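The structure under discussion appears below in the form of structure tokens.
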Amino acid sequence: MANLMLKRTIMEVVDNQLKANDPPCTRDTYEKLLNAGYSKSEAKDKIGAVVLTEIYDILKEGQSFDEKKFKNSLEEMLKQSLDFEDIHHIETEWDKWDDLIQMGYECFENQKAAKGLRLWQDAWNVFCSIMEDSIETDTLYGLMDALDFAYPIDEWLQDYEMELSSAGKYEERIVFCQKVLEMFDWQEADDSCFQCGIGESLFREGRIAEAYEHYEKWLSEDPQNANGINSLSWLLFENGDAGKAYEVVRKATWGISCYRDNISLFMHAKQLAAYVGKEDESQWYQQQLDKFEESIGKRGMHEDVLFDEFTLPKQVPVVKEKKIYPNDPCPCGSGKKYKKCCGRR
């Protein structure tokens, strides 16, 4: 899972470079790959592999970003791609789906959410058709592995769920999340995004009792799911029961260590403890958060972790400090996107 999170972060860096056209060699390489017949996802993945090596060199050797070196690495990757890859690309249903989701992302970036949702509804129909007709897989990541991780399926499913929520399409969101949960076996994967989508949408529709029943059933089967506990706690707080909201997160966090997967619970527990007047407990949570932050500073990045998800490692320009956007990594250190972690509320 950590490696998939790393890959998503690298892809976001590529997207930021393309959007800002900085450095220009990234967009130039991207367009040449598209012209050669690669899909948008394939082109971004190849650039991401180059980006990753640059990050590794910067961290390991203490180098600063060298744009000329980065450009040369992109040119070498492009030459290899055009010399050794089959450039006679055959259009598939997956390419049709990918084009729809990429156009949708462009619409959302340009504040055209309604059009973006229409494109993604079309993409969802194509996706369901593909799954019904030809794909035999039990898990979401099994599907992505079968496609050599050429398409951002997991990320798009989560983004679609969030955009349905942002548009207030709660009934549609419930149906979508239920369908995604039915499509795959989630025993070895995290389904919390879609479980929370159902519970939160039931709550927004005024079906409070049904929402609580959903969380009760889900968390009885997965009692340590941090996202589910956090989501239920927020809804209880919003419904006017701060004491119960704190009780839910305290039960899951009190007396244990803070680590990457539960840091959002510790942050929430600290706030709720202060809100209900338990200052001593709020301070204890802050101490655990401080210890976690200190431990992060002592850890290094292992080469195997960096490269495990990329087959053609090459290089990443250092991006300038910027405002935190929804798709940025959350600054709390959870490894999730900001919009799916602290920015969720």
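Source: prediction; values computed, not measured.
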Residue Q187 excluded, over 12 heavy atoms near CD under 6.0 Å
no
Report yes or no: do Y275 and W284 belong to one cluster of Ile/Leu/Val/Met/Phe/Trp/Tyr joined by side chain heavy-atom distances under 4.5 Å?
yes
I'd like to know if the side chain of E281 pairs up with that of Y246 as donor and acceptor (distance under 3.5 Å, no hydrogens or angles considered).
yes
Under 3.5 Å, side chain of S81 to main-chain N/O of M77, donor-acceptor pair present?
yes
Do the side chain of N35 and the main chain of E31 share a donor and acceptor less than 3.5 angstrom apart?
yes
Are the side chains of K96 and D99 in touch, meaning some heavy atoms are under 4.5 Å apart?
no
Q102 and K40: side chain donor to acceptor below 3.5 Å:
no
Under a 3.5 Å distance rule, please check whether S220 uses its side chain to pair with a backbone N or O of K217 as donor and acceptor.
yes
Do the side chain of H214 and the main chain of A209 share a donor and acceptor less than 3.5 angstrom apart?
no
Step by step, work out the side chain to side chain contact (heavy atoms under 4.5 Å, CB included) result for F108 and D159.
CA-CA 11 Å; F108 289 115; D159 287 343; over 6 Å; no
Ignoring hydrogens and geometry, is there a side-chain-to-backbone donor-acceptor pair from N262 to S257 under 3.5 Å?
yes
Please report the C-alpha distance between E106 and K115 in whole Å, then the side-chain angles of each, then the deciding distance to 0.1 Å, and finally whether the salt bridge (Lys or Arg N to Asp or Glu O under 4.0 Å) criterion is met.
CA-CA 10 Å; E106 290 175 7; K115 183 177 179 181; over 6 Å; no
Using only atom types and a distance under 3.5 Å, with no angle test, would you say the side chain of D190 pairs donor to acceptor with the backbone of S192?
yes
Reported OG-to-CD distance for the pair S233 and Q271, which is rounded to 0.5 angstrom:
10.0 Å
Kindly give the heavy-atom pair with the smallest separation between N239 and I208, and that separation in Å.
ND2-CG2, 4.0 Å
State, yes or no, whether a side-chain contact exists between Y160 and I101 at a heavy-atom distance under 4.5 Å.
no
With a 4.5 Å cut-off on side-chain heavy-atom distances among I, L, V, M, F, W and Y, is there a chain of contacts connecting L181 to W124?
yes
Any non-hydrogen side-chain atom of W94 less than 4.5 Å from a side-chain atom of F127?
yes
Do L157 and F194 make a side-chain contact, defined as non-hydrogen atoms from C-beta onward lying under 4.5 Å apart?
yes
Cluster question for you: counting only ILVMFWY and a side-chain heavy-atom cut-off of under 4.5 Å, with indirect links fine, are L147 and L100 together?
yes
So how far is it from M267 CE to L272 CG, rounded to the nearest 0.5 Å?
12.5 Å
Look up atom CD in E247 and atom CG in D241, then write down how far apart they are to the nearest 0.5 Å.
8.5 Å
From CA spacing to verdict: side chain to side chain contact (heavy atoms under 4.5 Å, CB included), Q286, F266
CA-CA 8 Å; Q286 183 60 59; F266 273 74; over 6 Å; no
Centres of the Y151 and W156 rings: under 6.0 Å?
no
Judged by atom type as modelled, is there a donor-acceptor pair below 3.5 Å linking the side chain of S129 to the main-chain atoms of N125?
no
Is there a side-chain contact between W186 and D222 (heavy atoms, below 4.5 Å)?
no
Pair E171 + R207: basic N to acidic O under 4.0 Å:
yes
Could you go through the side chain to side chain contact (heavy atoms under 4.5 Å, CB included) check for E75 and L78 one step at a time?
CA-CA 5 Å; E75 290 175 350; L78 182 62; 5.5 Å; no
Hey, is the main chain of G228 close enough, under 3.5 Å, to the side chain of N225 for a donor-acceptor pair?
yes
Between CG of D154 and CE of M144, what distance do you get to the nearest 0.5 Å?
3.5 Å
Side chains of L117 and Q121 in contact at under 4.5 Å (non-hydrogen atoms):
no
E216 atom CD: more than 12 heavy-atom contacts under 6.0 Å
no
Can you tell if the side chain of K291 reaches within under 4.5 Å of the side chain of C258, non-hydrogen atoms only?
no
Expected output: side-chain D45 to main-chain S41 donor-acceptor under 3.5 Å:
no
Over all atoms of both residues, closest heavy-atom pair of E161 and C193:
OE1-SG, 3.0 Å
Quick one: do R118 and D122 make a salt bridge, cutoff under 4.0 Å?
no
Quick one: do K69 and E54 satisfy side chain to side chain contact (heavy atoms under 4.5 Å, CB included)? Show the steps, please.
CA-CA 9 Å; K69 177 186 172 187; E54 182 69 16; 4.2 Å; yes
Any side-chain donor near an acceptor of the partner, E279 and Q283, under 3.5 Å:
no
L143 and T139, any side-chain heavy atoms less than 4.5 Å apart:
no
Least distance between heavy atoms, Y215 atom then C196 atom
OH-O, 3.7 Å
Nearest heavy-atom approach of A242 to F237 is CB-CD1, 3.8 Å
Looking at E188, I want to see if its CD is surrounded by more than 12 non-hydrogen atoms of other residues, nucleotides or ligands under 6.0 Å.
no
Nearest non-hydrogen partners of E172 and L164, listed with the distance
OE2-CD2, 3.6 Å
If you measure from the Lys or Arg side-chain nitrogens to the Asp or Glu carboxylate oxygens, is any gap between K44 and D15 under 4.0 Å?
yes
Just do the salt bridge (Lys or Arg N to Asp or Glu O under 4.0 Å) check on E163 and K169 with the steps written out, would you?
CA-CA 9 Å; E163 292 298 343; K169 295 181 177 293; over 6 Å; no
Between Y170 and V180, is there a shared hydrophobic cluster once you connect ILVMFWY residues whose side-chain heavy atoms come closer than 4.5 Å?
no
In this structure, is the centre-to-centre distance between the rings of F176 and W120 below 6.0 Å?
no
Of the non-hydrogen atoms in A43 and Y30, which two are nearest, and what is the gap between them?
CB-CD1, 3.7 Å
If the plane angle is over 60° it's perpendicular, under 30° parallel, otherwise tilted; pick one for Y285 and W254.
perpendicular
Y259 and I229: same hydrophobic cluster, using ILVMFWY side-chain contacts below 4.5 Å?
no
One should read off an interatomic distance between R173 CZ and S201 OG, to the nearest 0.5 angstrom, of 4.0 Å
CD-SG distance between Q17 and C25, expressed to the nearest 0.5 angstrom:
7.5 Å
Within the distance-only criterion (no hydrogens, no angle test), does the side chain of S231 pair as donor or acceptor with the backbone N or O of N227 below 3.5 angstrom?
no
